[in-house]
Amino acid sequence: MTPSDIPTRYEPTEAEPQILERWLESGLHHPEPKGTAAENYSIAIPPPNVTGALHMGHALNGSVQDVLVRYHRALGKRTKWILGTDHAGIATQKQVEKLLESEGTTREEVGREEFVRRVWKWREQYGSTIIEQFQRLGATCDYSEERFTLDDGYAKAVAEVFVRLYEKGLIYRDNYMVNWDPGSRSAISDLEVEEKEVVDTLYSIRYPLASGNGNITVATVRPETMLGDSAIAVHPDDERYARLVGESVVLPLVGRRLKIIADHYVKPEFGTGALKITPAHDPNDFEIGRAHGLDELTVIGEDGRMTAAAGEEFAGLTALEAREAVVAALREQDLIEATEPYPHVVPHSHRSRERIEPLISLQWFMRMDELAGPAADAVRDGRVRFAPGRWGRVYLDWMDNIRPWCVSRQLWWGHQLPVWYRGEETYVGIDAPEGDGWTREDDVLDTWFSSALWPFATLGWPEETAALPAFYPTDVLSTARDIIFLWVARMIMMGLEFTGEVPFSEVYVHSVIQARDGRRMSKSLGTGIDPLEEIDRHGADAVRFGLLAMSSTQDVRYSDEKVHQGQDLANKLWNASRFVLMQASEKEVRADPTPRAVEDRWILSRLERTKALTASRIESFDFHHAALGLYDFVYGELCDWYLEWVKGRDDALPVLLHVLRETLGLAHPIIPFVTEAIWQNVPGADGLLAEATWPEAQPGRVDEAAEKAMADAIAAVQAVRAWRESVGVRTGARVPVRFDADGYGELAGAVARLGRLDLGEGGAEPVATVAVPGGAVLVLPTDAFDPNAAARRVEEVRKRLQGEVARAEGKLGNSGFVDKAPAAVVEGEREKLERLKGELAAL
RNA sequence: GGGCGGUUAGCUCAGCUGGUCAGAGCGCCUGCCUUACAAGCAGGAGGUCCCCGGUUCGAGCCCGGGACCGCCCACCA
């Protein structure tokens, strides 16, 4: 196709699929496992859930990582973007349960083995969805080596880690209070619990003293748990109860005698200052119970129903039913002293949204303190750096207060614990133990346990693969802040423990993209914006540019304007290229971009600065400015000025082509599709832009003098245009002028052309004056405008200038300023004053 | 209860270690089909930089206090 056949609009929907195909076929995303991790560049993608569909968070993070990956690939590094998906225990299990439900059956009915088979089948069918969606974004992950956290090799790594930690004594089994999620019927970790405010009823209940001399009143929002009470606690210094400590009360409805104990945990000022202790159903009571050796009576089971221990009358009821029954029974005996509405925060399951039922359960735990120390040190001493830095402090706060991690889950989908039991015996090992009678632990591991191994398990650990030394440690981990504890911290701990090295040296915590109105983007709220629809509408480049331009060091609202800016930029580049290529015609120009004019030196200088700036911004994760800086260069310098400036010149082509090629190169990491599409039409551009090198820095091309000269010339054009507008010069009319300003040289001609002026030398008396840097443009007699309007305009300008002069003089007349401000600042002010006076005089 | 962000033009946001920092995009107004682009080009209007104190020759920028919005952590029944 000849350049003039190139359509005037860039059509992403037509271009993108073809370009994507070429990239995928080229193999550019797959590096050979050679060299060392120090020479190479690698990023491990936060593995999306297999059940997932691309959301804005993925799209932003994918854009961020792809910019980094493409940039480093262009720098000539062997670059690997480790790709894969997470088996996502609960989420995936639920998905398939739903499917079974639609078939009229249940997980229990089909049985574990069949269920797991069904999940695998589901994964085969739908698991690649999100991978394809990443491709549409243009992400150059290593698609040829897709990992899955439940693959055989990966599972081996998980088992290996579990066994080693067990042998080290860091993993153990215990009967302990856990967060029971009735929704998923599994224990969950502290991190998967979220506090939500609810309004409960606070019941004040009288417990009669065993002595018969009165009562102690306690308050609770969960009266049903009283069936499991083991004691009453008061503060040791609470005089009201001092003489009662050691005595007993009679537990209403049950009749059990409860000791009155003293414990510092109790807040005397809260309620009556007496606290009922239910060790099996409240985390605090659990602690107190263990400290005092109290009985742990489980009255609510894992099914959410009252156990036999709750007594005949209540056993089998749901906890809620039991509450009503207990309250009714207490009322009957007139033991309820008061009730009041009580708003407070209570734990809910992050997954199922259901209220957590704290209970004592036999689970597997991991002690974290021993691993946390070195992992915290790695951040303290800078081996791992967070960007923005404040997240490092957040990480450290958590690490310094770390608690044991409940790692077992009562699910079917996941890594089954490598643990076998026979009677009282427990065996932990990679393979099943010898001998008969062993049964394997049913539970599976918390999904985050396997995710914690991601950076090295994906590379084949514990096998000594070639990929491991080539790409581990990785360079950057890019993620959202909500998984800093769940994932990032644990990767650092596990990485250090099992490889002796930090898994990545930088953690970039990107923005959270909110809905347009500032609410959270969420499916249930209907506030989500589908990145794929946005790509359909505006193109992948526009979405990438938009997201990067939006991103910040804080949360941001989704901005349609930024996406539009990206779309506009793509189109602008497309048309600028058209302009250049139409001149290039068949001629293949590879010649050095020899500058033949000031504007050539200027654009080469500006290009040089943009290259350096873009590189440093990418390296410092300042994607916002990298994207917008690129936009400014392309619009504000290349198109608005340079292209206009050289129109009519026939010797600018080498520079034009050079600037176009390099601009495509530096824009490519941000807007890869359109730049690749243009590249295919550029004479002398071989192969894929995605495989081309980053435009080499040419510091010698920075030209201060040319920048200054052009800045003045541009300012002059703008001054002339503004003047024309303000005095109402007839549209398009050429205005005769005498150029009375220094320092323009050859640029005066272009200023005149762009300002639609006719340069003359005649000695006629000027009828108007337009101040420009270095002097003025004197307007000669003409009928193109009304001189009165010009006079008014001059007055306005004079007033403004006089004001500025007064301000500058005031500043310089202030001895405080002159004496204390740095000499350069004072000098700058003096120069400014001179300039202003000059402009004023020129009027 | 503790901690962290934020509050700048009608809207969404930039403003580095205090001195051309009062900006961009969108929107708005005016004028243009200028042979790359009318989803374009040119010009323009628009802001007590949340409030109150303080430091300084000089403060969106630093310090103290306050208001409001958002997030994280947290075992007060």
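The sequence lines fix the lettering, A, B, ..., with proteins before strands; numbering per chain opens at 1. The structure displayed is predicted, hence computed values, not measured ones.
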**Report entry** Over-ring placement of A/K276 relative to A/Y207, 6.0 Å and 45° cut-offs
**Finding:** no

Query raised in the report: Expressed in whole Å, how much space separates the C1' atoms belonging to B/rG60 and B/rG23?
Result: 12 Å

Query raised in the report: Could you state the CH2-C1' distance from A/W391 to B/rC73, rounded to the nearest angstrom?
Result: 11 Å

Query raised in the report: Should B/rG65 be called syn or anti, with syn set as within 90° of 0?
Result: anti

Query raised in the report: With a 4.0 Å cut-off on heavy atoms, is A/V266 in touch with a base, just the backbone sugar-phosphate, or nothing at all?
Result: base

Query - Enclosure of A/K708 NZ (heavy-atom neighbours >12, cutoff 6.0 Å) - result: no

Query raised in the report: How is A/R753 classified with respect to the nucleic acid when contacts are heavy atoms under 4.0 Å: base, sugar-phosphate, or nothing?
Result: nothing

Query - Whole-Å P distance, B/rU20 and B/rG31 - result: 37 Å

Requested in this report: For B/rC28 versus B/rC62, give the span between their C1' atoms, rounded off to a whole number of Å.
Outcome: 37 Å

Query raised in the report: Does the ring center of A/Y176 lie less than 6.0 Å from the ring center of A/F286?
Result: yes

Requested in this report: Give one of base, sugar-phosphate or nothing for A/Y635, where a contact means two heavy atoms less than 4.0 Å apart.
Outcome: sugar-phosphate

Query raised in the report: Can you check whether A/R403 has a side-chain N or O nearer than 4.0 Å to OP1 or OP2 of B/rA74?
Result: yes

Requested in this report: Could you measure between the two P atoms, the one in B/rC63 and the one in B/rA22, and give it in whole Å?
Outcome: 22 Å

Report task. Grab the CG-C1' distance between A/L569 and B/rC37 for me, whole Å please. Result -> 13 Å

Query raised in the report: Taking a pair as Watson-Crick or G-U wobble with both distances under 3.5 Å, which nucleotide is matched to B/rG18?
Result: none

**Report entry** Out of B/rA42, B/rC37, B/rC26, whichever nucleotide has its closest atom nearest the side chain of A/E725
**Finding:** B/rA42

Requested in this report: Select one nucleotide: of B/rA36, B/rC26, B/rU12, the one nearest the side-chain heavy atoms of A/K572.
Outcome: B/rA36

Query raised in the report: Can you tell me if the side-chain N/O atoms of A/S726 get under 4.0 Å from OP1 or OP2 in B/rG43?
Result: no

Query - Atom C1', compared across B/rG27 and B/rG44: separation rounded to whole Å - result: 14 Å

Query raised in the report: Of all the nucleotides listed (B/rA36, B/rA77, B/rG19), which has the minimum atom distance to the side chain of A/N575?
Result: B/rA36

Query raised in the report: Where the side chain of A/D568 is concerned, which of B/rU12, B/rA39, B/rA77 is the nearest nucleotide?
Result: B/rA39

Query raised in the report: Is A/H564 touching bases, backbone alone, or none of the nucleic acid, heavy atoms closer than 4.0 Å?
Result: nothing

Query raised in the report: Nearest-Å distance, CZ (A/R206) to P (B/rA77)?
Result: 23 Å

**Report entry** Proximal nucleotide (of B/rC37, B/rC76, B/rG5) relative to the A/Y265 side chain
**Finding:** B/rC76

Query raised in the report: In whole Å, what separates the P atom of B/rC16 from that of B/rU7?
Result: 12 Å

Report task. Rounded to whole angstrom, note down the C1' distance from B/rC69 over to B/rC29. Result -> 33 Å

**Report entry** Under 3.5 Å side-chain donor-acceptor pair for A/Y635 and A/Q565
**Finding:** no

Report summary line: Closest of B/rA77, B/rG25, B/rG6 to the A/E561 side chain is B/rG25

Query raised in the report: Using a cut-off of 4.0 Å on non-hydrogen atoms, how would the nucleic acid contact of A/L628 be classed: base, sugar-phosphate, or nothing?
Result: nothing

Report summary line: Pairing partner of B/rG40, by Watson-Crick or G-U wobble and under 3.5 Å for both distances, is B/rC32

Report task. Return the nearest nucleotide to the side chain of A/D640; candidates are B/rC41, B/rC73, B/rC76. Result -> B/rC41

Query raised in the report: From B/rC37, B/rA77, B/rA14, pick the nucleotide closest to the side chain of A/E644?
Result: B/rC37

Query raised in the report: Which of the following nucleotides, B/rG31, B/rA77, B/rA14, is nearest to the side chain of A/H344?
Result: B/rA77

Query raised in the report: A/A576 near the nucleic acid: base, sugar-phosphate alone, or nothing, with a heavy-atom cut-off under 4.0 Å?
Result: base

Query raised in the report: Taking the C1' atom of each, how far is B/rU8 from B/rC50, in whole Å?
Result: 10 Å

Report task. Quick one: label A/K647 by what it contacts on the DNA or RNA (base, sugar-phosphate, nothing), any heavy atom closer than 4.0 Å. Result -> base

Query raised in the report: For A/Q718, which contact category applies under a 4.0 Å heavy-atom criterion: base, sugar-phosphate, or nothing?
Result: sugar-phosphate

Query raised in the report: Considering every strand shown, what is the Watson-Crick or G-U wobble mate of B/rG1 when both distances are under 3.5 Å?
Result: B/rC73

Query raised in the report: So what's B/rG25 paired with, Watson-Crick or G-U wobble, going by both distances under 3.5 Å?
Result: B/rC11

Requested in this report: Would you confirm whether the ring centroid of A/W723 sits within less than 6.0 angstrom of the ring centroid of A/F785?
Outcome: yes

Query raised in the report: Picking from B/rA36, B/rG5, B/rA39, which would you name as closest to the side chain of A/Q554?
Result: B/rG5

Query raised in the report: When all nucleic acid strands are considered with a 4.0 Å heavy-atom cut-off, which category describes A/T553: base, sugar-phosphate, or nothing?
Result: nothing

Query raised in the report: Rounded to whole angstrom units, what separation is found between the OH atom of A/Y207 and the C1' atom of B/rA77?
Result: 11 Å

Requested in this report: Tell me what A/Y342 touches on the nucleic acid: a base, only sugar-phosphate, or nothing, going by heavy atoms under 4.0 Å.
Outcome: sugar-phosphate

Requested in this report: Without swapping roles, check the side chain of A/D229 against the backbone of A/A231 for a donor-acceptor pair under 3.5 Å.
Outcome: no

Report summary line: By the Watson-Crick or G-U definition, both distances under 3.5 Å, B/rG47 is matched with none

Report task. Would you tell me if any nitrogen or oxygen in the side chain of A/R557 comes within less than 4.0 Å of OP1 or OP2 on B/rU12? Result -> yes

Report task. Identify whether any heavy atom of A/R9 sits under 4.0 Å from a base atom; if not, whether one sits that close to sugar-phosphate; answer base, sugar-phosphate or nothing. Result -> base

**Report entry** Distance flag, aromatic centroids of A/F623 and A/Y508, threshold under 6.0 Å
**Finding:** yes

Report summary line: Residues A/H281 and A/E357: closest non-hydrogen pair is ND1-OE2, 4.4 Å

